[in-house]
Chemist: 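Here it is, the structure, as structure tokens.
Bear in mind the structure is a predicted one, so any value in this text is a computation, not a measurement. Counting convention: from 1, in listed order, for ligands and their atoms alike.
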Amino acid sequence: MEMENRIKDEFSKRFGAEGALYASAGRINLIGEHTDYNGGFVFPGAIDKCIMAEIKPNGTDKVKVFSIDVDDYAEFGLEEADAPEQQWARYIFGVCREIVKRGGKVGGFDAVFSGNVPLGAGLSSSAALESVFAYALNDIFNDNSIDKFELARIGQSTEHNYCGVKCGIMDQFASVFGKKDHLMRLDCRSMEFEYFPFKPEGYRLVLVDSVVKHELVGSPYNRRRESCERVAAKLGIETLRDATMENLERIKSEISEEDYMRARFVIGEKQRVLDVCDALVKGDYETVGARMYETHNGLSKDYEVSCEELDFLNDVAKECGVTGSRIMGGGFGGCTINLVKNDLYDKFVKTASDKFAQKYGHAPKIYDVVISEGAHKC
Ligand code: ADP
Ligand code: MG
């Protein structure tokens with residue numbers, strides 16, 4: 001409510017009118033890491049942290065937009081040559097351009113926006129920003145004729161073409177399609193998806209942000225992709241999606257130890273996502289938690305994308321008796337995501353904060369998340 005009021009105040013002060021309000025959310029991924037480029041599954045959900053925007057067509061060919069959080073104003077045209085200087089505004093410009101490139105309509109508009117998705121913490125504030133504008137401009141200028149999957153692609157293309165980030169589709173997909181109390185299993189090969197209930201009564205989801213991001217030498221991401229591709233090629237399949245542990249064991253002696261470990265993680269991770277989906281249908285959150293620990297272990301030992309700080313946070317969670325805990329995101333820093341029983345929550349947060357601060361000299365950041373609605377008109 002506070003965010004909404006601040007946006008409305010600012011909008012009426014700047015533009016002397018009232019626009020329509022839209023919101024779109026950040027996201028978590030419960031399980032399914034490094035699976036997208038292997039044709040596997042991811043399992044994200046939208047969260048109760050969003051970016052909200054008030055928007056009104058202004059009858060010109062100019063976009064006039066104010067960011068409350070950055071405290072900055074941008075004005076730009078809608079042609080390719082009109083790209084604004086400010087990074088935050090390029091997300092909005094990119095969305096406009098990507099809609100136009102697809103034959104959609106975008107006219108000039110006035111906008112004010114603000115959000116509470118932490119920036120750069122792995123919760124995809126950028127996807128929330130793209131999605132809220134993509135959703136709103138579809139409603140305002142296109143009679144909602146662009147389908148929701150295309151809205152997600154518009155956000156993804158914005159990152160690729162205007163922000164220099166070669167991301168997959170998961171973040172924008174989750175932000176656009178998110179549904180309260182539901183996670184979404186997205187099949188990264190067919191792009192089909194299914195909602196699963198996520199209503200962990202008696203548990204909370206909490207992220208512990210290490211606030212570290214290790215600068216890495218070389219290209220560890222590409223090296224892992226190449227390992228997966230080599231093993232798939234050896235098995236005569238397109239991606240590891242189609243591999244089983246038995247297949248992998250059969251060729252073990254013909255591949256490097258490193259490629260073997262990478263593939264073992266990816267094949268195991270596919271099954272863990274499916275297990276978690278089955279468990280959720282039964283309301284079995286203990287199994288969900290057990291699989292989260294297994295994923296962490298795999299990411300740390302087999303895929304080797306964890307780091308000391310995140311392994312430490314995972315160990316603290318285990319010691320406290322937290323139900324499930326794992327590194328979230330590509331690795332080498334960022335957050336752990338934790339499924340914690342209500343009555344353990346205070347103890348866990350305090351222990352993790354204190355122990356981490358003692359060892360690394362700074363406190364982690366704590367984000368509570370509740371699975372919530374994705375892009376919508378308010
Ligand atoms: P994340 O992991 O949160 O998506 P990114 O680096 O991809 O991190 O995106 C963060 C960028 O998105 C910010 O630098 C800023 O340009 C833009 N952004 C996100 N949230 C906001 C906001 N509330 N106000 C203005 N810009 C924002
Ligand atoms: Mg981002």
Chemist: Does a side chain donor of either Thr295 or Arg272 reach within less than 3.5 Å of an acceptor in the other side chain?
Modeler: yes
Chemist: Purely on distance, is any nitrogen or oxygen of Ser125 under 3.5 Å from one on ligand 1?
Modeler: yes
Chemist: Quick one: which ligand 1 atoms are inside 4.0 Å of a heavy atom on Gly122?
Modeler: 2 (O)
Chemist: Run the contact test for Pro118 against ligand 1 with a 4.0 Å cut-off on heavy atoms, strictly below, and give the result.
Modeler: yes
Chemist: At what distance is the nearest protein heavy atom to atom 24 (N) of ligand 1, and which residue and atom is it?
Modeler: Phe113 CE1, 3.4 Å
Chemist: Any chance the side chains of Asn58 and Thr60 put a donor and an acceptor closer than 3.5 Å?
Modeler: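 Per modelled atom types, Asn58 and Thr60 side chains form a pair under 3.5 Å.
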Chemist: Starting at CZ of Phe133, measure out to SG of Cys96 and round the result to the nearest 0.5 Å.
Modeler: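 Phe133 atom CZ to Cys96 atom SG measures 8.0 Å (nearest 0.5 Å).
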Chemist: Polar-atom distance check: Asp69 versus ligand 1, any N or O pair below 3.5 Å?
Modeler: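 Between Asp69 and ligand 1, an N or O pair is found under 3.5 Å apart.
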Chemist: Can you name the one residue among Arg230, Lys252, Arg225 that meets salt bridge (charged side-chain N to carboxylate O under 4.0 Å, His left out) with Asp259?
Modeler: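 The residue from Arg230, Lys252, Arg225 that satisfies salt bridge (charged side-chain N to carboxylate O under 4.0 Å, His left out) with Asp259 turns out to be Arg230.
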Chemist: Within the structure, does at least one protein heavy atom fall under 4.0 Å of atom 26 (N) of ligand 1?
Modeler: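 Yes.
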Chemist: In ligand 1, which numbered atoms sit nearer than 4.0 Å to a non-hydrogen atom of Leu129?
Modeler: 17 (C), 18 (N), 27 (C)
Chemist: Return yes or no for this condition: an N or O of Gln87 is under 3.5 Å from an N or O of ligand 1.
Modeler: no
Chemist: Starting from atom 9 (O) of ligand 1, which protein heavy atom do you reach first, and at what distance in Å?
Modeler: Ser126 CB, 3.4 Å
Chemist: Is the Mg ion (ligand 2) less than 2.8 Å from an N/O/S atom of Ser125, whether that atom is in the backbone or a side chain?
Modeler: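 No.
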Chemist: Closest by any non-hydrogen atom to atom 20 (N) of ligand 1: pick that one out of Val117, Val132, Leu119.
Modeler: Leu119
Chemist: Can you name the atoms of ligand 1, numbered from 1 with element, that are less than 4.0 Å from a heavy atom of Trp88?
Modeler: 16 (O), 26 (N)
Chemist: Could you tell me the separation between the OG atom of Ser210 and the CD atom of Glu308, rounded to the nearest 0.5 Å?
Modeler: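 Interatomic distance, Ser210 OG to Glu308 CD, rounded to 0.5 Å: 11.0 Å.
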Chemist: Name the residue from Arg223, Arg224, Arg264, Arg262 that meets the salt bridge (charged side-chain N to carboxylate O under 4.0 Å, His left out) definition with Glu304.
Modeler: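 Result: among Arg223, Arg224, Arg264, Arg262, Arg262 is the only option passing the salt bridge (charged side-chain N to carboxylate O under 4.0 Å, His left out) with Glu304.
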Chemist: Relative to the heavy atoms of Ser67, which atoms of ligand 1 are at a distance of less than 4.0 Å?
Modeler: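 Contacts of ligand 1 toward Ser67, numbered from 1: 24 (N), 25 (C).
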Chemist: Please determine if Arg97 forms a cation-pi arrangement with Tyr162, meaning its NZ or CZ atom is less than 6.0 Å from the six-membered ring centre and no more than 45° off the ring axis.
Modeler: no
Chemist: Starting from atom 11 (C) of ligand 1, locate the nearest protein heavy atom and write down its residue, its atom name and how far away it is, to 0.1 Å.
Modeler: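 Looking at atom 11 (C) of ligand 1, the protein heavy atom closest to it is Tyr91 OH, 3.7 Å.
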Chemist: Under 4.5 Å between side-chain heavy atoms, counting indirect links through other Ile/Leu/Val/Met/Phe/Trp/Tyr residues: same cluster for Ile47 and Tyr285 or not?
Modeler: yes
Chemist: Could you tell me which atoms of ligand 1, counted from 1 in the order shown, lie closer than 4.0 angstrom to a heavy atom of Val70?
Modeler: 25 (C)
Chemist: Give a yes/no verdict on a cation-pi contact between Lys148 and Phe177, requiring under 6.0 Å between NZ or CZ and the six-membered ring centre and an angle within 45° of the axis.
Modeler: yes
